[in-house]
Protein chains: 4
Amino acid sequence: MKADERKKLILEYAKRLFSRKGYYNTQIADIVNEAKIARGTVYQYFKNKDDLFITLIKEFYNDWEQNISLEMNKIDLKTISPHDYFYFRVKNTLDFLSNDPDLCNIVLRMGIGLSGELESSIKRFEKKIHNLIVSDLEFGMRNKHVRADLNVEMASNLITGALLRTALYDFGAKKKKKDQAEIDSMAREIVGIFGPAIFTKK
Amino acid sequence: MKADERKKLILEYAKRLFSRKGYYNTQIADIVNEAKIARGTVYQYFKNKDDLFITLIKEFYNDWEQNISLEMNKIDLKTISPHDYFYFRVKNTLDFLSNDPDLCNIVLRMGIGLSGELESSIKRFEKKIHNLIVSDLEFGMRNKHVRADLNVEMASNLITGALLRTALYDFGAKKKKKDQAEIDSMAREIVGIFGPAIFTKK
Amino acid sequence: MKADERKKLILEYAKRLFSRKGYYNTQIADIVNEAKIARGTVYQYFKNKDDLFITLIKEFYNDWEQNISLEMNKIDLKTISPHDYFYFRVKNTLDFLSNDPDLCNIVLRMGIGLSGELESSIKRFEKKIHNLIVSDLEFGMRNKHVRADLNVEMASNLITGALLRTALYDFGAKKKKKDQAEIDSMAREIVGIFGPAIFTKK
Amino acid sequence: MKADERKKLILEYAKRLFSRKGYYNTQIADIVNEAKIARGTVYQYFKNKDDLFITLIKEFYNDWEQNISLEMNKIDLKTISPHDYFYFRVKNTLDFLSNDPDLCNIVLRMGIGLSGELESSIKRFEKKIHNLIVSDLEFGMRNKHVRADLNVEMASNLITGALLRTALYDFGAKKKKKDQAEIDSMAREIVGIFGPAIFTKK
DNA sequence: GATGAATGAGTCTTCATTCAT
DNA sequence: CATGAATGAAGACTCATTCAT
């Protein structure tokens, strides 16, 4: 097997195990047993267990950043309505997260209990979402689409928390993959809940 | 020192360490060093490390349940307005969580990565909040205060996520304790955000 | 067993094994088997294998330094003849080294092949001997007892090499402990060999 | 590349690494990285790591034996003075050792810490020098050039130790290669130191 | 009850060696 | 012959738990 495939394979098994059992309860032995490879093979591709975990998270993060850029090209910021924009953003996030329940589990639930770099590699996600929402809200405010008296920081926190929990609850824990229609309706509900409080009356 | 005090002391130090470093990165050695007691003493009061952790969480959970009962006695469900009731509930939750940043950290962030009973001991919290909100919403619906077309399950998830994240963000991570006025205004903001989407128009 | 005794015990067994098999061929398992203690016990007293080794060497070095000071108090530098002084120094060194064949083996033979701190902890010995001889020779030169044309650096190297090899050959490798008379005659031979070339003719 | 050249290449890199880092701290990985060859290639030419090391030492040993024979043909044992003969021998040894600082390092410093055959492959050198000196001294004794009361075994040990240490000190550790004049003067000093004690007065 | 020395099962990690391509 | 991915035995180290004092 080529080096690249083997590395991907290991990441795949590691992801599943980390997601189900957590970082500290997943042993290298578990991973190599599941993947049916030798113990040492893991260390040919990853410096150590930490490195394996962080690689996993970083790849997911990069995928996500790329996904955001791609999606943003699909809309015209000049003409889209605030409501549609909000919906679009929420839907994209849910779409992306719904694709990988294991990583969802890892990223959304493993907070404390990881030391040092491990923890911070995970926190980037939440910060990213939070910051995106903050900047979106500030942009909307400048254009008078978002209410001027909104506490941006807090609203963003609330939306982040709501979004992540929904994602975890609906994508991470459960097995069955949601279809487009379901995600669509989820996004609609979320917009329906936060919209009235955020947007200026037309 | 009396047995009871000593047990409390151990829990105190354990809580702080678990909160800052997580379950797996906190060693019994750390706890006894900080508490300046002997290694074996911990095992006089707790069956094992798991027991110590679970005791911690259970105490917090019981405190919380008790707190809810107490608070519920302070209001008259017959006369209170839906809006005030929502505010009251949100405020109580924030009040309670703000009192113990360490436990906030533990309960709100340690998700995956704990095995078996440890994990479920923590998940009770989230379920509890979620269920409270669900029952509140359903109650409001029966009384026509809450919009009939609301997706209760999802709304509850959103509110739970928003609430927990705000609590973690404002109580868990930061050092300075919030005062009543601050918590009050937080509760108001939350109600302000979720209210418009939840309640029927008067 | 008291902590101090246990630590000493471990050092004792480690010394014997390091001496016979070398650093890399001595496993912690060997040490604990010989000492009939548990694997973890070693780590209660020493940070790691390196630490165990370095502690061993440092103790030996300190013993030696102390021994030198003590011995130097026994003679009167003002009245002793150069020849007797040389003999005295050589004899002291041999005396000291002959007391601990295992450490002799370790210190005199393990040169390269140890990394970093391990290696330098050993090299201190040779440097110490070399420097002592250099300063002795320079002292003798100032008093016209040592020939003015002597290449001090080189002579010191030769004497160091000769001394260490003899010590290793006679103390390190063989089992039977030398008695005082034997060491005495060794010292006399060494002085007899180097004396004629070093001292000024009387 | 021809098989022979490749084998030489591997030995070359191995020598440098063994010399600088020792046997146990030199990995096959280091060697193949430096030599820019594949991991498996080493095993095409050497049975295993031990074999690689021992081959290295044996080659050096054979070179040395050959060198001794060659040099011995250059003098006339019948006419040469004892003093000149001693000088000649010392100089040859220093000459030879000064040519390969890496092997000097390996042979002169790696004593203990190598197991079994590795260690004995190295010890042959010291024994060889020691035996040469012993037989030279005995030869001189028979011819009344060497003092009859000399302790041959001990004198030989002293000279061996002195010689090897000087070689290590001057050739092994330092970078700059000594020129002939320097080695010449070293040899003269050594003879000057040991000569007076060894030879009979003329 | 309190102590802290001792235990040893459990893990990660290394690295010489093999072997299919 | 050369390659380098794969192997797995071996070894260092951790840490919750026990128990004699």
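The chains referred to below are lettered A, B, ... by the order of the sequence lines, with proteins before strands, and numbering in each begins at 1.
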Check your understanding: Distance under 6.0 Å and angle within 45° of the ring axis: does A/K58 meet both against A/F53?
Key -> no
Between the protein and nucleotides 11-13 of chain F, which nitrogen or oxygen pairs are less than 3.5 angstrom apart?
from	atom 1	to	atom 2	distance (Å)
F/dA12	OP1	C/K49	NZ	3.2
F/dA12	OP2	C/I28	N	3.3
F/dC13	OP2	C/Y43	OH	3.1
F/dC13	OP2	C/K49	N	3.0

Roughly, in whole Å, what's the span from [atom1] in [X] to [atom2] in [N]?
| X | N | atom1 | atom2 | value |
| --- | --- | --- | --- | --- |
| A/K36 | F/dT7 | NZ | C1' | 16 Å |
| C/K7 | E/dA6 | NZ | C1' | 17 Å |
| A/E5 | F/dG4 | CD | P | 17 Å |
| A/F46 | F/dA6 | CZ | P | 12 Å |
| B/D4 | E/dG1 | CG | C1' | 14 Å |
| A/K2 | F/dA5 | NZ | C1' | 13 Å |
| B/Q44 | F/dT17 | CD | P | 15 Å |
| D/I31 | F/dG4 | CD1 | C1' | 16 Å |

Taking C-beta and beyond as the side chain, do [X] and [Y] meet within less than 4.5 Å on heavy atoms?
| X | Y | answer |
| --- | --- | --- |
| A/D30 | A/K21 | yes |
| B/Q44 | B/R6 | no |
| B/I31 | B/I37 | no |

**Study point:** Sugar-phosphate only, base, or nothing, as touched by B/Y45 at under 4.0 Å among non-hydrogen atoms
**Key:** sugar-phosphate
Practice item. Decide yes or no on side-chain contact (heavy atoms from CB on, under 4.5 Å) for D/V32 and D/V42, but give the supporting numbers first. Key: CA-CA 8 Å; D/V32 302; D/V42 170; 3.5 Å; yes
Review point. Just by distance, with hydrogens left out, do C/N25 and D/Y24 show a side-chain donor and acceptor under 3.5 Å apart?
Key: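 Side chains of C/N25 and D/Y24: pair found under 3.5 Å.
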Review point. Does A/R6 or D/I37 map to a spot on DNA chain F nearer the 5' end, using the closest nucleotide for each?
Key: D/I37
Point to revise | A/F18 and A/Y23 aromatic ring geometry - parallel, tilted or perpendicular at 30°/60° bounds | key: parallel
**Study point:** D/T55 and D/D51: CA distance, side-chain angles, deciding distance, side-chain contact (heavy atoms from CB on, under 4.5 Å) verdict
**Key:** CA-CA 6 Å; D/T55 302; D/D51 183 38; 3.5 Å; yes
Exercise for review: Could you walk me through whether A/F46 and A/K7 pass side-chain contact (heavy atoms from CB on, under 4.5 Å), step by step?
Suggested key: CA-CA 8 Å; A/F46 303 96; A/K7 189 169 184 178; 3.6 Å; yes
Review point. Can a side chain N or O of D/T41 be found less than 4.0 Å away from OP1 or OP2 on F/dA2?
Key: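 Checking F/dA2 against D/T41, no side-chain N or O comes under 4.0 Å of OP1 or OP2.
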Check your understanding: What dot-bracket string describes DNA chain E from 5' to 3', counting Watson-Crick and G-U wobble pairs whose defining distances are under 3.5 Å, with [ ] for crossing pairs and | for pairs to another strand?
Key -> .||||||||||||||||||||
